[in-house]
There are 2 protein chains.
Amino acid sequence: MTVSVTIKDVARKANVSIATVSRVLNHKSNVSEDAVEAVNQAIKELGYSPNFLGRDLRKSETRRILAIIASTEQSFYSEVIRGMEETAMAKGYDVLIATTRDDPKHEMHLLGMLFSHSVDGAVLLGPKLDAKTISELAANHNLAMCLERLEGCKALTVTINNVQAGKDAVSYLINKGRRRIGLITTTQRAQSSVDRENGYRQALEENGIPYDPALVYYGTYGADSGTRGCKELMSLENKPDAIFAISDMLAIGAMNHALSEGIEIGKELLFFGFDDIQYSHIFIPHLSTVRQPCFMQGKLVIEKLIDNMKTDDPDRSLYMLPHSLILRETTGD
Amino acid sequence: MTVSVTIKDVARKANVSIATVSRVLNHKSNVSEDAVEAVNQAIKELGYSPNFLGRDLRKSETRRILAIIASTEQSFYSEVIRGMEETAMAKGYDVLIATTRDDPKHEMHLLGMLFSHSVDGAVLLGPKLDAKTISELAANHNLAMCLERLEGCKALTVTINNVQAGKDAVSYLINKGRRRIGLITTTQRAQSSVDRENGYRQALEENGIPYDPALVYYGTYGADSGTRGCKELMSLENKPDAIFAISDMLAIGAMNHALSEGIEIGKELLFFGFDDIQYSHIFIPHLSTVRQPCFMQGKLVIEKLIDNMKTDDPDRSLYMLPHSLILRETTGD
DNA sequence: TAAGTTCCTGAAAACAATTTCAGGGCATTA
DNA sequence: TAATGCCCTGAAATTGTTTTCAGGAACTTA
């Protein structure tokens with residue numbers, strides 16, 4: 001391809017040393033006006049832009065942070081990423097995103113960018129690797145987690161209290177007088193799913209409602225799985241009078257079944273979702289759901305991560321940010 | 001932070017030269033078994049992983065490609081990115097994603113990664129910069145566009161024929177006997193929007209239906225804008241009997257209005273969307289829409305981009321891949 | 001005038017890797 | 001025995017930048 005122009009060419013053209021060019025590039029004060037002028041002129045004429053590979057090597061920093069997600073499909077991540085980007089940008093960092101496609105091998109490959117100094121830090125949003133592996137990596141590298149905690153993982157983590165959130169949602173349904181509450185969740189056990197399910201059980205227990213395994217449907221992540229779940233739960237002899245789904249996607253799928261059966265949502269059957277995705281208030285009836293502070297989680301994890309870069313005693317705490325219940329038509333609100 | 005172990009340390013520990021270590025790292029054949037053994041042992045003991053800043057600088061390549069998108073919100077991009085990733089990976093490249101948040105300044109900043117050799121190539125998915133700027137950049141750098149073409153922009157581009165696609169959708173509605181067809185589009189003039197609108201007009205013209213500006217609603221990208229658009233069109237004295245929206249999001253918003261008014265979708269009023277997003281067959285009634293070959297567009301643009309890296313005579317053609325109509329309930333299918 | 005400052009400058013080292021080149025050791029061939 | 005070839009090795013050059021260090025010039029101060 002085209003041969004690049006280097007700092008050397010600029011120096012030659014401007015009749016100064018490369019040190020002076022570098023000084024101009026980095027806006028150092030100790031350069032004469034004449035030199036600044038000449039260098040900028042040369043840069044413009046040659047169309048020079050510095051090679052960051054050289055710079056990054058010398059400085060041993062890239063000012064780039066990698067966000068590792070499963071895929072860009074869940075638009076739910078977008079606010080988290082915005083929080084990360086805005087915070088990073090304010091501190092002079094760029095955020096790059098890479099996807100694992102749910103493959104732990106590929107996740108490890110992407111983490112290689114961290115080990116090989118291609119980025120200064122990395123954030124895992126919903127890791128597929130196990131707690132032990134991540135703990136070990138986080139001990140030696142600038143690695144954090146966001147949205148998803150890992151039981152027994154000693155790494156900087158920013159998330160919400162999913163147990164409490166699940167409990168809050170189900171308690172709300174109970175306070176609405178419901179006693180038979182279905183749960184639609186997934187077989188793939190992300191910690192957040194497990195936590196939400198535990199919240200569901202705690203809410204039942206505290207209210208003296210016996211746990212009935214028949215009311216729990218384990219499926220996949222897709223909306224169609226929600227539809228199947230609802231169908232199965234509603235074909236029980238002793239039907240549920242409310243359903244808590246661990247994601248809005250599942251809840252919307254579930255509602256599709258209820259709608260097609262002519263079930264009156266919000267009265268006959270209540271629905272509670274999780275995530276407050278965009279479609280939860282586009283889909284009719286509007287879905288009651290748990291909202292996470294996405295932007296704030298992104299913001300906080302980047303702040304802590306960047307702090308960690310500058311210290312020998314990195315923070316490996318677990319931060320839990322407050323969630324909130326969004327009440328809409330599907331709970332009769 | 002922690003002080004890194006370098007190739008030098010490995011060499012010392014393994015009692016060989018750094019050249020030999022490098023040869024082992026790169027799986028060169030001309031190294032004795034003993035040396036390979038010793039080096040690998042040292043690597044393991046020291047927990048060494050090579051610093052890519054050094055490697056990339058020396059090799060003048062990063063084997064990384066940057067995909068620049070507006071935001072990760074539109075899940076629609078995810079298939080394109082999957083196509084890009086799978087193709088890139090097969091050729092030994094990684095794909096990184098960065099978001100512009102619709103800011104041309106930030107888009108330019110991200111392109112800086114290309115100029116500064118931080119990545120080997122970049123793909124713009126829906127650029128905010130103008131055709132002239134991009135043409136100039138593409139002349140000197142490995143830059144391509146995907147999903148969106150730019151009128152008069154001389155850069156490698158992979159997209160679909162949006163004029164034809166709009167025309168196909170509207171022609172289908174006309175063939176269903178509809179004569180008053182509304183259009184819901186956006187004021188923000190992405191080329192694809194303009195093209196789809198032109199397709200709409202061509203379809204009308206070819207079928208001898210006069211163009212009525214009252215039937216065209218210009219709004220924003222959100223579903224609520226679709227709702228407003230539908231409300232406005234349906235309050236006309238001479239109501240439409242079909243609506244073509246330039247995105248599924250707008251179509252779903254529009255359908256929300258129709259549903260709330262008790263309008264019989266698929267009979268009284270037909271709907272045609274664009275993109276075939278996931279929700280177009282989750283939302284009820286299922287939406288007829290235009291499907292783009294997302295994966296294939298991602299695949300093709302990466303193939304061509306990588307080809308371009310290896311030649312002095314880069315391909316700057318416009319490739320248009322075939323689209324297809326997905327017929328569902330909203331057109332009475 | 002001598003000594004000390006301040007300002008600006010360029011040569012060279014440093015960053016961590018790959019690659020080139022020359023040569024030592026050994027076996028094969030004439 | 002000498003010449004040739006092959007295998008393996010390490011020293012040194014190379015990549016593009018930043019940074020350190022030493023020093024020249026001009027100016028101030030005693």
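A, B, ... follow the sequence lines: proteins, then strands. Residue 1 opens every chain.
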Chemist: For B:Glu33, enumerate each residue passing the side chain to side chain contact (heavy atoms under 4.5 Å, CB included) test, keeping only those at least two apart in sequence or located in another chain.
Modeler: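 Counting only residues at least two positions away or on another chain, B:Glu33 forms no side chain to side chain contact (heavy atoms under 4.5 Å, CB included).
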Chemist: Is there any ring pair (Phe, Tyr, Trp, His ring centres under 6.0 Å) pair reaching into residues 63-109 of chain B, and which pairs are they, with sequence neighbours excluded?
Modeler: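 Found B:His106-B:His109.
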Chemist: Using a cut-off of strictly less than 4.0 Å between a heavy atom of the residue and any atom of DNA chain C, enumerate the qualifying residues of residues 32-45 of chain A by number.
Modeler: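 Within residues 32-45 of chain A, the residues near DNA chain C are A:Ser32, A:Ala35.
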Chemist: Rounded to whole angstroms, how far apart are CD1 on A:Ile7 and P on C:dA11?
Modeler: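 The distance from CD1 of A:Ile7 to P of C:dA11 comes to 13 Å, rounded to the nearest Å.
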Chemist: Does anything in residues 51-60 of chain B form a side-chain hydrogen bond (donor to acceptor under 3.5 Å, both in side chains)? List the pairs, not counting sequence neighbours.
Modeler: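 Pairs touching residues 51-60 of chain B that pass the test: B:Asp56-B:Arg64.
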Chemist: Taking N or O atoms only and anything under 3.5 Å, show me the protein contacts with nucleotides 19-24 of chain C, one pair per line.
Modeler:
| from | atom 1 | to | atom 2 | distance (Å) |
| --- | --- | --- | --- | --- |
| C:dT19 | OP2 | B:Lys28 | NZ | 3.2 |

Chemist: Quiz question: by atom type and distance under 3.5 Å, do the side chains of A:Asp34 and A:Ser32 form a donor-acceptor pair?
Modeler: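 Note: A:Asp34 and A:Ser32 side chains miss the donor-acceptor criterion.
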Chemist: Check this one for me: any side-chain N or O of B:Arg55 less than 4.0 Å away from OP1 or OP2 of C:dA16?
Modeler: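 For C:dA16, neither OP1 nor OP2 has a side-chain N or O of B:Arg55 closer than 4.0 Å.
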Chemist: Report which part of the nucleic acid A:Leu53 touches: base, sugar-phosphate, or nothing (heavy-atom distance under 4.0 Å, all strands).
Modeler: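 No contact at all - A:Leu53 keeps every heavy atom at 4.0 Å or more from the nucleic acid.
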Chemist: With sequence neighbours excluded, tell me which residues meet side chain to side chain contact (heavy atoms under 4.5 Å, CB included) with B:Asn30.
Modeler: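 B:Asn30: side chain to side chain contact (heavy atoms under 4.5 Å, CB included) contacts with B:Arg23, B:Lys28.
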Chemist: Using rotation axes that map the C1' atoms of four end pairs onto the next four (five pairs an end), what angle separates the end axes of the helix from C:dT1-D:dA30 to C:dA30-D:dT1, to 10°?
Modeler: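 Result, rounded to 10 degrees: 60°.
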Chemist: Can you sort out the partners of B:Tyr48 under ring-ring contact (aromatic ring centres under 6.0 Å, His included), two or more places apart, ordered by chain and number?
Modeler: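 For B:Tyr48, no residue satisfies ring-ring contact (aromatic ring centres under 6.0 Å, His included) once neighbours in sequence are set aside.
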Chemist: Residues in side chain to side chain contact (heavy atoms under 4.5 Å, CB included) with A:Glu303, at least two apart?
Modeler: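 Side chain to side chain contact (heavy atoms under 4.5 Å, CB included) check on A:Glu303 returns A:Thr87, A:Lys91, A:Lys299, A:Leu300.
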Chemist: Only counting residues at least two apart or in another chain, list the ones meeting ring-ring contact (aromatic ring centres under 6.0 Å, His included) with A:His117.
Modeler: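 Partners of A:His117 under the ring-ring contact (aromatic ring centres under 6.0 Å, His included) test: none.
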Chemist: Quick one: which residue pairs count as a salt bridge (charged side-chain N to carboxylate O under 4.0 Å, His left out) with a foot in residues 12-21 of chain B, not counting sequence neighbours?
Modeler: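 Qualifying pairs, neighbours excluded: B:Asp9-B:Arg12, B:Lys13-B:Glu45.
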Chemist: Considering every strand and a 4.0 Å limit on heavy-atom distances, what is the contact class for B:Asn51: base, sugar-phosphate, or nothing?
Modeler: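 If one applies the 4.0 Å heavy-atom cut-off, B:Asn51 turns out to touch the sugar-phosphate alone, with no base involved.
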Chemist: Under the rule for ring-ring contact (aromatic ring centres under 6.0 Å, His included), what residues qualify as partners of A:Phe115, not counting sequence neighbours?
Modeler: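 Once residues adjacent in sequence are excluded, the partners of A:Phe115 under the ring-ring contact (aromatic ring centres under 6.0 Å, His included) criterion are A:His141.
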